[in-house]
Amino acid sequence: MDINADIGSIKNVGEKRKELLNKVGIYTIRDLLEYIPRDYIDRSQITPLNQIEAGEIYMVKAKIKGDFQIFLKGKLKIVKTVISDGSGTAAVIWFNQPYLKNNLDKNREYLFMGSVSKVNGRLTLTAPELEPVREEQSLNAGRIVPKYHLTKNLNQKLLRRLIYETIGEAEPLIEDFIPEYIMREYGLCGRVCALKNIHFPESEEAFFASRRRLVFEELLMLQLKLLTLKGEIKKKESGIRFSFFETEPIVERLPFKLTAGQEEVLEEITADMAGDCPMNRLVQGDVGSGKTAVAEICAYIAYTNGAQTAVMAPTDVLATQHYNTFSALFSKLGIEAVLLKGALKAREKREIKEKIAEGKAHIVIGTHALIQEGVKFKELGLVITDEQHRFGVNQRRLLNSKGENPHTLIMSATPIPRTLGLILYGDLDISTIKTMPSGRRVINTSYVNSSYHERIFRFILNQVKEGRQTYIVCPMIEENGKAELKSVKAFLKELEGTCLRETRRAFVHGKMKPKEKQEVMDKFAAGEIDVLVATTVIEVGINVPNASIMLIENADRFGLSQLHQLRGRVGRGAFQSYCILVSDTKGEEAKKRLRVMVKNFDGFDLSEKDLTLRGPGDFFGVRQHGLPELKIANLYKDMDILKEVQALSARLWEDDRFLEKEENLSLKRRIEEVYGRNGNYGESL
Ligand code: ADP
Ligand code: MG
């Protein structure tokens with residue numbers, strides 16, 4: 001028997017079962033053993049019948065005492081009988097299972113598991129699961145029982161039995177690939193014990209110990225793999241090594257003095273660019289910290305070193321905005337920026353592509369279609385990706401494969417706690433812009449309910465009269481029957497009945513054609529629209545310094561980080577700006593989050609609070625980052641283990657980077673098995 005053998009090769013699994021198991025992702029014996037329960041039911045306690053009460057769930061051990069009665073209630077066929085355990089009796093009913101009458105043996109003891117209620121004045125177990133009492137310990141009762149994710153025709157009992165029997169038989173094959181010295185130091189239990197107890201915990205302690213072990217190994221392998229990847233990228237020889245770092249001409253043309261934070265990050269970047277291997281760096285900076293200027297300076301450095309720069313943004317609108325900013329700055333220096341976007345005519349596109357291929361276009365701006373469209377560069381030296389959280393690891397890799405190992409700079413406004421950064425961006429170095437441009441005022445943030453609408457509209461009108469502009473964000477595009485959720489279209493209509501009818505209004509949302517969206521955004525940027533009603537399409541990166549109000553409807557629908565992003569669309573100019581969160585939510589958690597927004601203006605802080613209040617699910621899907629789905633670990637809940645793992649990984653990285661020491665070989669082998677041998681992160685993860 002081989003642990004990686006096909007699941008069809010074990011006893012009791014024929015073609016049909018094999019197909020079912022494949023459906024839930026079980027292909028090998030190992031997959032089966034590592035099929036972690038989604039939940040557990042504690043069936044270790046048996047309650048005497050004289051102690052049961054209505055409204056609770058129990059397990060009782062009893063014999064059938066009465067006769068079976070079968071009667072109809074509407075369409076339901078009800079089977080009823082009485083059970084007794086010596087301490088007392090209770091009624092039992094099942095629905096639509098008349099065959100039970102013949103299947104149950106009056107001389108045997110059974111375990112009955114189910115909820116108890118009072119029916120016609122009598123304590124009654126309703127549709128309990130049942131299990132004959134056996135000599136040997138049963139898998140489905142009398143213990144803590146696992147519950148698995150199922151698919152049609154695959155039931156809990158079958159899975160439990162398969163897993164139980166297979167663990168027993170496969171035990172000698174289960175390799176403990178975590179080196180002994182690590183197990184000892186971190187108090188980890190062995191793998192056999194861990195797998196047995198994750199499925200069929202002998203006790204609560206045994207369960208926690210086994211879970212700890214499995215989470216630890218999963219995170220350790222992932223973290224080590226990511227470190228190796230980073231090492232491999234570093235090992236690659238640099239195609240282009242930059243040697244000129246004269247930035248005066250460009251810095252002096254910026255309409256402001258760089259902040260200390262921007263300068264610090266630029267130093268880290270130039271050190272990378274001057275080094276032997278390609279840069280692979282993430283720049284985190286809160287909304288409005290001035291990441292674009294950093295990008296511009298980097299593009300200038302690439303230019304002076306004879307290399308082209310690609311700038312990628314997640315949306316056409318954002319790409320266009322970057323194009324405008326970049327070309328305004330660079331055109332006077334004779335440096336040509338081009339915009340490659342979806343909406344271009346075929347001929348225009350061809351011309352631009354030619355320019356890029358000939359090296360006449362120095363800075364190429366576009367969406368991530370840039371990587372898919374077979375654009376050929378003459379000398380691609382730097383790739384800048386804006387608003388990274390929308391790009392996955394794989395897209396990042398694809399892009400890197402375009403040039404001769406170009407330098408890569410990734411910019412993100414979604415600050416994430418450092419521990420998670422090491423996992424989510426494990427293959428990157430990280431810089432953080434720590435200061436904001438001076439003279440920024442705190443965005444006056446308030447949280448009110450919808451009875452304030454009229455006052456808010458009057459306030460907006462006053463601001464518009466002073467020349468300012470307003471964003472209004474709604475969670476929906478169109479009404480969809482959920483009266484409590486505001487939609488962009490309905491809200492714009494509603495405004496006609498308010499004092500804002502005097503203003504120039506428009507809407508924008510993600511389902512509009514790129515060209516229409518662009519037209520609206522252009523008009524708004526040009527000050528031809530006063531009030532823009534939008535979905536969260538405007539969340540990312542939009543820069544209209546004249547906008548001073550961000551009104552968010554149904555604010556409880558959004559996460560803190562998202563609200564912070566939205567709020568970051570205002571306060572980008574010299575004007576005092578306002579963020580108004582409207583919500584009628586009754587939920588305590590939601591209210592708490594909104595109150596946090598009123599007091600807190602730091603993106604890092606907020607993202608950390610977001611994690612605590614909502615958990616990571618809403619905020620960043622691991623998938624979204626191109627990381628593998630974790631089988632058991634939860635990046636947020638298992639933060640403590642993650643920290644231990646990171647400390648250990650860092651140490652291993654120093655001592656035995658390639659895990660070549662005798663004691664680490666088993667770990668290395670297992671990582672290669674799981675993630676592929678040659679740093680093939682994209683495909684195998
Ligand atoms: P983000 O980091 O969110 O991408 P942007 O690069 O769009 O921020 O910059 C936000 C605003 O701050 C822009 O209007 C930009 O011109 C301005 N800005 C950037 N750097 C500075 C600075 N050092 N001093 C003053 N204003 C700055
Ligand atoms: Mg930006």
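Indexing begins at 1, ligand by ligand and atom by atom, following the structure's order.
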- Item | Which segment of Q262 sits under 4.0 Å of ligand 1 when only heavy atoms are counted | side chain

- Answer with side chain, backbone, both or neither: which part of T292 has a heavy atom less than 4.0 angstrom from an atom of ligand 1? both

Atoms of ligand 1 less than 4.0 Å from [X] heavy atoms?
| X | answer |
| --- | --- |
| V287 | 3 (O) |
| T259 | 23 (N) |
| K257 | 22 (C), 23 (N), 24 (N) |

- Task: Would you check if there is a donor-acceptor pair between the side chains of T408 and R281 at a distance under 3.5 Å?
- Result: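 Short answer, no.
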
- Any salt bridge between D316 and K517, counting N to O under 4.0 Å?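 Salt bridge flag = no for K517 with D316.
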
- Ignoring angles and geometry beyond distance, decide whether G288 reaches within less than 3.5 Å of ligand 1 through its nitrogen or oxygen atoms. yes

- Give yes if a backbone or side-chain nitrogen or oxygen of L258 is under 3.5 Å from a nitrogen or oxygen of ligand 1, and no if not. no

- More than 12 non-hydrogen atoms from neighbouring residues, nucleotides or ligands closer than 6.0 Å to CZ on F244, yes or no? no

- Checking R468 against F575: charged group under 6.0 Å from the ring centre and within 45 degrees of the axis? yes

- Message: Please confirm whether the ring centroid of F242 lies under 6.0 Å from the ring centroid of H407.
- Response: yes

- Message: So, 4.0 Å and heavy atoms of G285: is ligand 1 close enough to count as a contact?
- Response: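 For ligand 1, residue contact (heavy atoms, under 4.0 Å) with G285 is absent.
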
- Task: Kindly indicate, with the supporting measurements, whether the criterion ring-ring contact (aromatic ring centres under 6.0 Å, His included) is fulfilled by F330 and Y303.
- Result: CA-CA 11 Å; F330 283 106; Y303 169 79; 7.8 Å; no

